[in-house]
Amino acid sequence: MDMLIALPTLPAAPALPDLQIRKPIGPEHDLIASWVAHHFSLAWASEARFALANRPLTLFVATRGLPCEPVGFCAHDATARGFVGPIGVLDSARRGGIGAALLLACLHDMRAMGYGYAVAGAVGAPDFFRRVAGAIEIPNSTPGIYAGLLRASPTAP
Ligand SMILES: CC(C)(COP(=O)(O)OP(=O)(O)OC[C@H]1O[C@@H](n2cnc3c(N)ncnc32)[C@H](O)[C@@H]1OP(=O)(O)O)[C@@H](O)C(=O)NCCC(=O)NCCS
């Protein structure tokens, strides 16, 4: 299921103590793609690389304290134009507001780039998107843009 998010009426992004949310710089790109592959999936790492290749780049990373290891990320224009996601927060850091801060950072970035709406594709946590950004379900949106997605066969090298 895909969800639609109206961007002009977004709440402000919360500031959390000790949490930095920012766009990465060049030397961090490979680390971020590897981190996303390790903690989430190869498909999300592929989307992260895509977002990092956009100009301006369209991925935010969250870090907390030192050492500056990522605790979460969120991208937009990574699956298709106008889509927000993927978004992921480390298991150990969830339910503390980091996901909301990352999602809102991405959505405000989309608004600043001129979008009126964002689409969250193939949503796995619909209540999170509803609560944070007022997302609504798009009828008949499965499989949507994901129809016929390439998959490796079990015998592929
Ligand atoms: C979804 C995810 C990014 C949320 O990150 P988080 O840091 O735990 O989210 P927050 O703490 O900012 O939560 C914000 C709000 O959403 C709610 N929420 C968070 N995760 C939720 C979930 N899985 N289902 C329902 N509500 C959720 C929180 O209770 C909170 O509500 P409140 O403001 O009323 O208290 C995180 O659980 C995650 O990385 N999950 C695995 C990857 C994933 O499923 N990504 C989404 C794919 S569509």
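Model, not experiment: these values are computed from the prediction. Computation of the quantities below employed the complete heavy-atom set of this structure, encompassing side-chain atoms and omitting hydrogens, waters and symmetry-equivalent molecules. Indexing begins at 1, ligand by ligand and atom by atom, following the structure's order.
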In terms of its nearest heavy atom to atom 22 (C) of ligand 1, the top option of Arg95, Met3, Met1 is Arg95
Quick test: of every protein heavy atom, which one is nearest to atom 33 (O) of ligand 1, and how far off is it to 0.1 Å? Arg131 NE, 4.6 Å
State the atoms of ligand 1, each with its element, that fall below the 4.0 Å cut-off from a heavy-atom position in Asp127. 25 (C), 26 (N)
Give the atom numbers and elements of ligand 1 that come within less than 4.0 Å of a heavy atom of Gly96. 11 (O)
Closer than 4.0 Å: a protein non-hydrogen atom to atom 2 (C) of ligand 1: no
Identify, by atom number and element, the atoms of ligand 1 in contact range of Ala100, meaning under 4.0 Å from any of its heavy atoms. 12 (O)
Near Val123 (heavy-atom distance under 4.0 Å), the atoms of ligand 1 are 48 (S)
Would you say ligand 1 has an N or O under 3.5 Å from any N or O of Ile87? yes
Within 6.0 Å of OH in Tyr146, more than 12 heavy atoms from elsewhere: yes
Heavy-atom contacts with Ile98 under 4.0 Å: which atoms of ligand 1 show up? List them by number with element. 7 (O), 12 (O)
Contact atoms of ligand 1, heavy-atom distance to Gly124 under 4.0 Å: 48 (S)
What part of Arg94, side chain, backbone, both or neither, has a heavy atom within less than 4.0 angstrom of ligand 1? both
Tell me the contacting part of Val132 for ligand 1: side chain, backbone, both, or neither, using a 4.0 Å heavy-atom threshold, strictly below. side chain
Taking only heavy atoms of Gly97 into account, list the atoms of ligand 1 that are under 4.0 Å away from them. 10 (P), 11 (O), 12 (O)
Indicate the ring-plane relationship of Phe73 and Trp35, choosing parallel, tilted or perpendicular according to the 30° and 60° boundaries. perpendicular
In ligand 1, the atoms that come under 4.0 Å of a heavy atom of Gly88 are 39 (O)
Compute the minimum heavy-atom distance from Trp44 to ligand 1 and say whether it is under 4.0 Å. yes
Mark yes when over 12 heavy atoms from residues, nucleotides or ligands other than Asn54 sit less than 6.0 Å from its CG; otherwise mark no. yes
Under 4.0 Å, counting heavy atoms only: does Gly85 come that close to any atom of ligand 1? no
Is it true that Lys23 and Glu28 make a salt bridge, defined as a side-chain N closer than 4.0 Å to a carboxylate O? no
